[in-house]
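Notes to accompany the following structure.
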Amino acid sequence: MMMMNGHADKHRVAVIGSGNWGSVASRLIASNTAKLPDFHDEVRMWVFEETLPTGEKLSESINQAHENCKYLPGIKLGTNVIADPDLESTVKDADMLVFVTPHQFVEGICKKLVGKLRPGAEAISLIKGMEVKMEGPCMISKLIKDTLGINCCVLMGANIANEIAVEKFSEATIGYREDKQAANRWAKLFTTSYFLVAVVEDIEGVELCGTLKNVVAIAAGLVDGLDMGNNTKAAIMRIGLREMRAFSKLLFPSVRDNTFFESCGVADLITTCLGGRNRRVAEAFARNGGKRSFDELEAEMLHGQKLQGVSTAREVYEVLTHHGWQELFPLLSTVHEICIGQLPPTSIVEYRLR
Ligand SMILES: NC(=O)c1ccc[n+]([C@@H]2O[C@H](COP(=O)([O-])OP(=O)(O)OC[C@H]3O[C@@H](n4cnc5c(N)ncnc54)[C@H](O)[C@@H]3O)[C@@H](O)[C@H]2O)c1
Ligand SMILES: O=P(O)(O)OC[C@H](O)CO
């Protein structure tokens with residue numbers, strides 16, 4: 001909390017992103033800021049502006065109806081969620097920044113924010129994904145931390161946004177490095193009676209779970225599209241979890257086994273492989289025999305929402321080829337080769353299982 005004139009000022013929260021999860025996260029946070037004394041009521045939410053078919057701007061529509069009619073129709077966000085199409089004005093007074101955009105956009109957003117943040121600001125990333133740089137893989141929380149020079153925790157979990165929007169019970173995991181007080185502050189902001197948050201000192205483990213499960217979800221969707229049944233899907237999930245753990249530990253030996261038993265681990269893997277967007281689009285890809293691209297199916301099926309699994313599979317593959325690790329990770333490698341049309345969808349079960 002910032003000190004002003006000897007008095008503690010309330011925390012101000014800004015949410016950077018207003019897609020499906022961005023809108024639900026804003027709603028959840030705003031329900032807490034409205035009642036918790038440590039936080040200013042208003043939650044400012046940055047909107048990547050677009051014009052709706054009615055001719056109205058999305059941000060204006062959100063502020064008028066208190067609803068995101070494109071990315072979360074039918075759900076009231078709360079009158080204290082204020083949509084703002086201007087990135088700089090969204091963050092200027094905030095000391096708690098929640099990053100929740102598709103991962104491919106975050107680097108550009110961070111560059112625009114350099115020098116614009118309030119002193120003492122801190123961040124949390126809800127973004128599932130990573131970037132691959134010349135020097136190697138870079139987790140999104142590190143990209144935010146390094147670009148903006150601020151502390152950044154992560155929140156991942158079995159969190160299909162549309163279910164949390166209607167307040168169905170779920171859990172999440174906050175990962176932090178060293179600053180447990182900051183992690184507890186974030187947990188307070190997010191915890192509700194239907195959204196239980198655990199705090200874990202393993203930021204890389206938590207973030208890699210959230211990132212890699214999207215690749216396994218593509219594999220699960222392929223299996224569904226090929227009508228291979230539940231045993232095959234369970235096998236894919238088991239192999240996927242093993243590869244997620246092995247890959248995480250090769251990149252960051254500090255990653256803990258226990259993290260894979262938190263909501264961010266096995267629980268997120270299960271929910272995504274049963275009900276996520278990556279699974280759904282991959283199922284359609286397999287049903288079309290791989291003849292329609294993921295980009296085409298994403299645009300047709302998700303109406304502006306974005307898949308993370310296909311680009312993450314490519315990013316993981318870059319790391320695997322760089323290190324010569326493809327044979328150690330047959331599932332992760334095969335998903336990418338199927339996504340780019342190098343292998344047919346049926347190859348998802350044709351590698352030698354370990
Ligand atoms: N939706 C979920 O159920 C869910 C749950 C947990 C985590 N996540 C993660 O949260 C992150 C954000 O997902 P989401 O569901 O909120 O988004 P989404 O898939 O709904 O993505 C669309 C968002 O991207 C924005 N966008 C489009 N082009 C852009 C550009 N050039 N620059 C900036 N923004 C642009 C759109 O305006 C929109 O807000 C992802 O990493 C996702 O994996 C999603
Ligand atoms: O719909 P997906 O596949 O992007 O997954 C959503 C969430 O990450 C589930 O926790």
Side-chain angles (χ1 to χ4, degrees), residues 15-28 45-52 57-59 62 68-73 75 83 85 87 90 98-113 124-131 139-141 143-144 154-166 168 170-173 190 195 206-207 209-221 262-283 294 298-299 301-313 315:
V15 178
I16 298 154
S18 52
N20 187 234
W21 183 215
S23 300
V24 175
S26 297
R27 177 185 190 274
L28 177 87
M45 176 177 80
W46 176 66
V47 173
F48 178 74
E49 191 66 290
E50 53 191 292
T51 307
L52 299 170
K57 297 285 182 204
L58 177 60
S59 61
I62 294 173
N68 187 337
C69 65
K70 176 151 184 193
Y71 295 101
L72 190 66
I75 302 287
L87 195 53
T90 303
V98 180
F99 284 83
V100 55
T101 64
H103 79 281
Q104 57 270 40
F105 305 129
V106 73
E107 187 164 21
I109 290 169
C110 283
K111 284 186 179 150
K112 289 188 189 138
L113 288 175
I124 193 164
S125 171
L126 277 50
I127 299 168
K128 294 174 176 172
M130 65 188 206
E131 290 283 327
M139 302 314 296
I140 298 297
S141 64
L143 191 147
I144 294 169
V154 297
L155 181 146
M156 308 278 141
N159 298 148
I160 290 185
N162 290 337
E163 296 180 15
I164 298 166
V166 290
K168 290 186 177 164
S170 65
E171 298 180 304
T173 316
F190 277 92
F195 194 74
V206 173
E207 195 166 3
C209 278
T211 299
L212 297 172
K213 65 86 189 170
N214 283 331
V215 183
V216 184
I218 299 277
E262 297 288 343
S263 177
C264 64
V266 66
D268 196 8
L269 182 72
I270 292 169
T271 201
T272 312
C273 289
L274 297 181
R277 299 168 297 185
N278 286 286
R279 186 218 67 80
R280 187 152 57 92
V281 178
E283 178 182 4
F294 271 96
E298 177 189 68
M301 298 173 70
L302 298 186
H303 313 291
Q305 294 185 34
K306 302 284 180 201
L307 290 181
Q308 304 281 258
V310 175
S311 47
T312 303
E315 286 144 5

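Indexing begins at 1, ligand by ligand and atom by atom, following the structure's order.
Under 4.0 Å from ligand 2, heavy atoms of Asn278 appear from its side chain as well as its backbone. With a heavy-atom cut-off of 4.0 Å, Leu302 does not touch ligand 1 at all. At a heavy-atom cutoff of 4.0 Å, ligand 2 is contacted by the side chain of Lys213 but not by its backbone.
When Met45, Gln305, Lys128, Arg277 are ranked by how near their heavy atoms come to atom 13 (O) of ligand 1, first place goes to Arg277. Nearest to atom 6 (C) of ligand 1 by heavy-atom distance, out of Phe48, Phe105, Phe99, Trp21, is Trp21.
Polar contact check, Arg277 against ligand 2: a nitrogen or oxygen pair lies under 3.5 Å apart. Where the criterion is an N or O separation shorter than 3.5 Å, residue side chain and backbone included, Pro102 fails it with respect to ligand 1. Annotation: Asn162 places no N or O atom under 3.5 Å from an N or O atom of ligand 1; distance criterion only. Ligand 1 has no nitrogen or oxygen under 3.5 angstrom from a nitrogen or oxygen of His103.
Close approach of ligand 1 to Ile160 (heavy-atom distance below 4.0 Å) involves ligand atoms 3 (O). The distance from ligand 1 to the heavy atoms of Glu50 drops below 4.0 Å at these ligand atoms: 37 (O).
Phe99 contributes atom CZ, which lies 5.5 Å from atom CG of Leu113 (distance to the nearest 0.5 angstrom).
At the shortest separation from atom 5 (C) of ligand 1 among protein heavy atoms lies Asn159 O, 2.9 Å.
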